[in-house]
Each structure stands twice: as C-alpha cells, then as structure tokens.
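Here the structure comes first, spelled out in structure tokens, and everything after it is commentary.
Values below: every heavy atom of this structure, side chains too, minus hydrogens, waters and symmetry copies.
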Amino acid sequence: MRPDELLIKGLRELGLGPSEEQARKFMAYLGVLPADAVSVADVGSGAGFPGLPLKIMRPGLRVHLIESSAKKCSFLRHMQRTLELGGLEVIESRVEDVRGLRVDAALTRALFSVEDFVRKASHIVREGGVFVLNKGPKAKEEVEGSSLHCEVVPVELPIAGATRNLVVVRKE
C-alpha cells in the first residue's frame with residue numbers, strides 16, 4: 001500500500017475521511033524532510049504539531065518534542081502514552097538550553113524569525129541537516145534580507161484555501 005493510501009485509510013478509520021488531494025498535500029509536506037532524516041526536533045511543540053503527525057506517519061523517525069511549558073509537556077506525554085509512540089521524547093526546556101541532542105532536522109511553526117531559529121537551534125542540528133519553519137504569507141519578504149540561503153516552499157492548505165510557506169535552511 002502506498003503511503004498516501006495508508007494515510008487515507010488510517011484517517012478514515014478515525015472518522016476523518018480526507019480527500020485524495022488532502023492526502024497528497026500532506027504527503028508533500030512530509031516530503032520536505034530529507035529522505036535520509038531519521039531524527040527530528042519539533043521546537044516549541046505546543047500540542048505536538050507537527051511532531052506527533054510526523055511520528056504517526058513515519059513510525060521509524062526519532063522525534064524530540066521540545067517545549068518549555070510544563071503543562072504542554074504533560075499533555076504531550078499523555079499523548080505519547082495514549083498513542084503508544086515509542087521513539088518519541090518530550091523535552092521540557094527552551095531549545096537554547098537543550099544539551100546532548102543532535103538531529104537531522106529541526107522544525108518549528110512561526111514562533112521565530114528564520115535567523116533567530118537557526119541561531120537558537122543550530123547546536124542541535126547536525127552538519128548537513130535542515131531547519132524547517134512554517135511561515136505565513138510574508139515568508140519571502142522575511143528571507144530576502146537574510147544572510148542565510150533559504151528555500152521557500154509554498155503549500156496550499158486544503159479546505160481553508162490558505163497558503164503557508166515552508167522555509168528550508170540547510171546547515172552547511
């Protein structure tokens with residue numbers, strides 16, 4: 001079974017019948033991660049997005065959910081137990097204070113500017129790894145003045161019809 005078919009089947013079993021187009025777009029989003037990525041840090045994880053969906057879709061992926069709020073970390077640990085997700089670690093800390101962690105990719109929503117995120121999370125991303133930020137409509141404007149080499153990947157959100165931009169920066 002193809003991964004997009006598996007996604008549709010699983011979501012339908014949960015009563016969330018996505019269209020094939022929605023599944024295709026979600027798979028494109030997952031594809032932003034490098035094929036050789038085996039470990040991911042979701043920085044400022046909050047309720048676990050995108051870290052938990054990535055772990056569900058790619059069970060072999062090692063996922064580290066970094067969140068400074070104790071209350072949110074409690075929820076993330078509850079979800080880890082409820083969903084029976086091995087290979088997932090909840091880290092109650094600010095990313096700047098995390099020590100001893102090396103990942104292939106660090107992900108975040110629009111919590112940071114691109115330059116701030118790379119500066120704060122650089123010590124946890126291995127050489128050749130990537131930083132991926134989920135940004136809104138002004139992503140291209142933000143990266144124009146950046147000293148970093150950024151790729152902006154527009155993603156159309158299903159149903160809402162809005163566009164988000166994934167900003168990808170490779171650590172050299």
Side-chain angles (χ1 to χ4, degrees), residues 7 11 16 18 22-34 37 39-58 61-80 83 85 87-98 101-126 129-146 148-171:
L7 172 68
L11 289 175
L16 301 173
Q22 289 169 323
R24 183 190 63 74
K25 289 178 179 179
F26 188 65
M27 295 307 294
Y29 170 68
L30 292 175
V32 169
L33 291 176
S39 60
V40 173
D42 175 2
V43 179
S45 190
F49 190 81
L52 289 177
L54 284 170
K55 181 63 179 172
I56 291 166
M57 291 305 299
R58 294 190 57 192
L61 197 63
R62 287 191 316 271
V63 176
H64 307 273
L65 305 176
I66 302 173
E67 173 57 54
S68 61
S69 164
K71 185 175 181 179
K72 291 176 184 176
C73 284
S74 177
F75 171 78
L76 293 171
R77 289 184 187 102
H78 169 74
M79 291 309 301
Q80 178 182 22
L83 300 173
L85 297 174
L88 183 133
E89 177 185 19
V90 177
I91 302 171
E92 188 177 328
S93 177
R94 294 168 47 97
V95 69
E96 305 92 308
D97 300 327
V98 172
L101 177 65
R102 281 285 202 213
V103 295
D104 298 303
L107 317 173
T108 193
R109 294 180 312 279
L111 301 175
F112 305 93
S113 72
V114 175
E115 298 217 0
D116 281 348
F117 182 56
V118 170
R119 182 176 41 79
K120 290 179 180 194
S122 189
H123 67 286
I124 67 168
V125 177
R126 70 168 176 78
V130 295
F131 303 87
V132 181
L133 297 90
N134 182 345
K135 293 291 208 168
K138 295 185 179 181
K140 290 181 182 174
E141 293 172 21
E142 182 180 337
V143 301
E144 281 177 1
S146 175
L148 301 168
H149 175 67
C150 304
E151 178 184 359
V152 178
V153 180
V155 177
E156 293 293 323
L157 298 179
I159 302 172
T163 300
R164 296 296 294 175
N165 293 288
L166 299 180
V167 178
V168 181
V169 180
R170 182 162 301 277
K171 183 174 182 181

Item to check | Residue pairs, two or more places apart or on separate chains, that pass salt bridge (Lys or Arg N to Asp or Glu O under 4.0 Å) and touch residues 66-77 | outcome: Arg77-Glu92
Checklist entry - Which residue pairs satisfy the salt bridge (Lys or Arg N to Asp or Glu O under 4.0 Å) criterion with at least one member in residues 132-143, sequence neighbours excluded? => result Lys135-Glu142
Looking only at heavy atoms, what is the nearest atom pair of [X] and [Y], with distance?
X	Y	value
Val63	Gly51	CG1-O, 3.9 Å
Leu76	Ala47	CD2-C, 3.6 Å
Val125	Asp104	CG1-O, 4.3 Å

Keeping the roles fixed (side chain from [X], backbone from [Y]), state whether a donor-acceptor pair exists under 3.5 Å.
X	Y	value
His123	Val98	yes
Ser146	Leu148	yes
Lys55	Leu61	yes

Checklist entry - Does any non-hydrogen side-chain atom of Val132 lie less than 4.5 Å from one of Val40? => result no
Checklist entry - Is there a side-chain contact between Cys150 and Val168, using heavy atoms and a 4.5 Å cut-off? => result no
Item to check | With Pro154 via side chain to side chain contact (heavy atoms under 4.5 Å, CB included) - residues at least two apart | outcome: Thr163, Asn165
Next on the checklist: Restricting to salt bridge (Lys or Arg N to Asp or Glu O under 4.0 Å), what partner residues turn up for Arg119, sequence neighbours left out?
Outcome noted: Asp116
Next on the checklist: Once side chain to side chain donor-acceptor pair (under 3.5 Å) is applied, do any residues pair with Arg164, and if so which ones, sequence neighbours excluded?
Outcome noted: Asn134
Item to check | For Phe75, ring pair (Phe, Tyr, Trp, His ring centres under 6.0 Å) partners two or more places apart | outcome: none
